[in-house]
Protein chains: 2
Amino acid sequence: MANETTRRKELLVAAARLFSRKGYHATSMQDIADELNILRGSLYHYIESKEGLLYELMELGVRTLLEQVRPIVESDLPPDEKLTRLIRQHTVTIAQYPDFMAVFLHELKSLSPPRREQILAYRKEYENLVRRVIAEGIAWGTFRPVNERMVTFALLGMVNWVYQWYSPDGGLSAEEIGAIFGDVVLHGLLAGECAGEVRPHEPSPQ
Amino acid sequence: MANETTRRKELLVAAARLFSRKGYHATSMQDIADELNILRGSLYHYIESKEGLLYELMELGVRTLLEQVRPIVESDLPPDEKLTRLIRQHTVTIAQYPDFMAVFLHELKSLSPPRREQILAYRKEYENLVRRVIAEGIAWGTFRPVNERMVTFALLGMVNWVYQWYSPDGGLSAEEIGAIFGDVVLHGLLAGECAGEVRPHEPSPQ
DNA sequence: GTTTACCAATCAAACGGTTGTTTGGTGGAG
DNA sequence: CTCCACCAAACAACCGTTTGATTGGTAAAC
């Protein structure tokens, strides 16, 4: 009973929850051990070090995000549809794994430089996915010729910040939130000059 | 020379820099004292506790932001112009006091509950400022009838995230970044249906 | 203009407590 | 009989904070 794999997963889940709620440095090995009802020394049967544990959680977070979003970017949907789905999926993923995503998004500076570089590489990879969609949209003429880099940051900020305030009992589902975000990014806030309303998407172009 | 006030400010500045770079819990009183070339016990001549110091830094951060942005919201400019200026000013403030703003935006959970509530009240106050501009824009018919609350969060995420990546030698000034952000939020990314280009603002409406 | 009193700024040293980690042992299940 | 999962105990290091003494300068008293 409680074979290695499941017990280890319990450890990761407990650690993710504690790290996301109290922060990495404010969480002691004691805290984690208490959650599993074992002594803190026993944790080292499963992990190599506290920081190694943090790294594993963060890597789990980014890779999940990458796996969920990459198919969208690499599909042959039109750029505006890609962007809509990307934003929605990113939001949904945060809502789905809030603890892991919060740790990934919040604890980068708690890693020692070598491990931090690793995670930064993943993050860069993700940023490039987003940026590619923007660039594609501009090339198609679907998007206005904006500053790719800045729009990427604007977009990432919008969706990454979700971990700071999202609650499952907030009235709106993650899908709905993502849809609103996508709508604002594509159409902007201004009324009038544009058609404006949130009319359903027509899978048209090229 | 080095009267109480200036020496104390040195302490606050050093602490803000360390907290923003390494994080609150990863920074020891020793680290701060080293920066001022005194012993760590001597810090308590200026502050009451480490957490009291953190609170002071965070309060400084939010209040600065509030002071810089409130005049814009309470002016009698049209809503779209208010929003443009708000976004730009928020970005500029982060670029102006990156350490204090990073501590404010990153270390909320390092505060004990009573002090955290205080800062949350300030944050709520700021959120309401932003939300008021959105609501106003919708009431004027300047903005589309979007979900106020969600758009507020989208906007805050976009500008708050700036502390994570902004660097003064990044090619663009904070003003320019803020202007791009404002443009995207107002007009959206889509080309075509709208007039589209970043034409200068006409102070028109009602 | 010297003495006296004061006070801000800092040192020196200690306090109990907690930290992450290591080592060697132990019980029980397969 | 083996080996996984955990215990028990210790380790040195560091933590935030307190206390009492010690400077150096400044301002008032004589």
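Order of the sequence lines fixes the chain letters, A, B, ..., with proteins taken first and strands second; residue numbering starts at 1 for each chain.
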Would you list the atom pairs, donor with acceptor, under 3.5 Å between side chains in residues 104-113 of chain A and any protein atom, with sequence neighbours excluded?
residue: His106(A); atom: ND1; partner: Tyr163(A); partner atom: OH; Å: 2.5
residue: His106(A); atom: NE2; partner: His106(B); partner atom: O; Å: 3.1
residue: His106(A); atom: NE2; partner: His106(B); partner atom: NE2; Å: 3.4
residue: Glu107(A); atom: OE1; partner: Ser110(A); partner atom: OG; Å: 2.7
residue: Glu107(A); atom: OE2; partner: Tyr24(A); partner atom: N; Å: 3.1
residue: Lys109(A); atom: NZ; partner: Ser20(B); partner atom: O; Å: 3.1
residue: Ser112(A); atom: OG; partner: Glu51(A); partner atom: OE1; Å: 3.2
residue: Ser112(A); atom: OG; partner: Glu51(A); partner atom: OE2; Å: 2.8

Problem set entry | Distance-only polar pair, side chains of Thr93(A) and Gln89(A), donor-acceptor under 3.5 Å | yes
For this session: Examine dT10(C): is either OP1 or OP2 under 4.0 Å from a nitrogen or oxygen in the side chain of Arg7(B)? Give yes or no.
Result: yes
Problem set entry | Spacing between His45(A) atom NE2 and dA5(D) atom P, to the nearest angstrom | 6 Å
Problem set entry | For atom CG of Asn37(B) and atom C1' of dA9(C), their distance in whole Å | 14 Å
Considering only distance and modelled atom types, tabulate donor-acceptor pairs under 3.5 Å from the side chains of residues 32-43 of chain B, sequence neighbours left out.
residue: Glu35(B); atom: OE2; partner: Arg17(B); partner atom: NH2; Å: 2.0
residue: Ser42(B); atom: OG; partner: Leu39(B); partner atom: O; Å: 3.4

Problem set entry | Any donor-acceptor N/O pair, Arg8(A) side chain to Tyr46(A) backbone, under 3.5 Å | yes
Problem set entry | Atom-pair distance (CG on Leu39(B); P on dA14(C)), nearest Å | 14 Å
Problem set entry | Ile134(A) side chain near Leu83(A) side chain, heavy-atom distance below 4.5 Å | yes
Problem set entry | Electrostatic pair Glu127(B)-Arg123(B), nearest N-O below 4.0 angstrom | yes
Problem set entry | Atom pair distance, as rounded to whole Å: OH in Tyr46(A) and P in dT21(C) | 17 Å
Exercise. Looking at residues at least two apart in the chain, or sitting in another chain, which of them share a salt bridge (charged side-chain N to carboxylate O under 4.0 Å, His left out) with Glu48(B)?
Worked result: Arg115(B)
Problem set entry | Pair Glu136(A) + Lys82(A): basic N to acidic O under 4.0 Å | yes
Using the 3.5 Å cut-off, write out each protein N or O paired with an N or O of nucleotides 16-18 of chain D and the distance between them.
residue: dG16(D); atom: OP1; partner: Lys50(B); partner atom: NZ; Å: 2.8
residue: dG16(D); atom: OP2; partner: Met29(B); partner atom: N; Å: 3.0
residue: dG16(D); atom: N7; partner: Arg40(B); partner atom: NE; Å: 3.3
residue: dG16(D); atom: O6; partner: Arg40(B); partner atom: NH2; Å: 2.6
residue: dT17(D); atom: OP2; partner: Tyr44(B); partner atom: OH; Å: 2.3
residue: dT17(D); atom: OP2; partner: Lys50(B); partner atom: N; Å: 2.9
residue: dT17(D); atom: O5'; partner: Tyr44(B); partner atom: OH; Å: 3.1

Exercise. Within the distance-only criterion (no hydrogens, no angle test), does the side chain of Asn160(B) pair as donor or acceptor with the backbone N or O of Leu156(B) below 3.5 angstrom?
Worked result: yes
Exercise. Whole Å only: how far is the CG atom of Asp34(B) from the P atom of dT10(C)?
Worked result: 14 Å
Seminar exercise, completed: The correct list of stems in which DNA chain C takes part (3 or more consecutive Watson-Crick or G-U pairs, distances under 3.5 Å) is C:1-14 with D:17-30, C:17-19 with D:12-14, C:21-30 with D:1-10
Exercise. Where along nucleotides 20-25 of chain D does protein come under 4.0 Å, by heavy atom, of base (B) or sugar-phosphate alone (S), with - for untouched nucleotides?
Worked result: ------
Exercise. Does the ring center of Phe19(B) lie less than 6.0 Å from the ring center of His25(B)?
Worked result: no
Exercise. Donor-acceptor pair, Glu176(B) side chain versus Ser173(B) backbone, under 3.5 Å?
Worked result: yes
For this session: Using atom CD1 of Ile32(A) as one end and atom C1' of dG20(C) as the other, report the distance to the nearest whole Å.
Result: 11 Å
For this session: Report the distance from atom CG of Leu53(A) to atom P of dT21(C), rounded to the nearest whole Å.
Result: 10 Å
Exercise. Taking CG from Asp31(B) and P from dC15(D), how many angstroms apart are they, rounded to a whole number?
Worked result: 7 Å
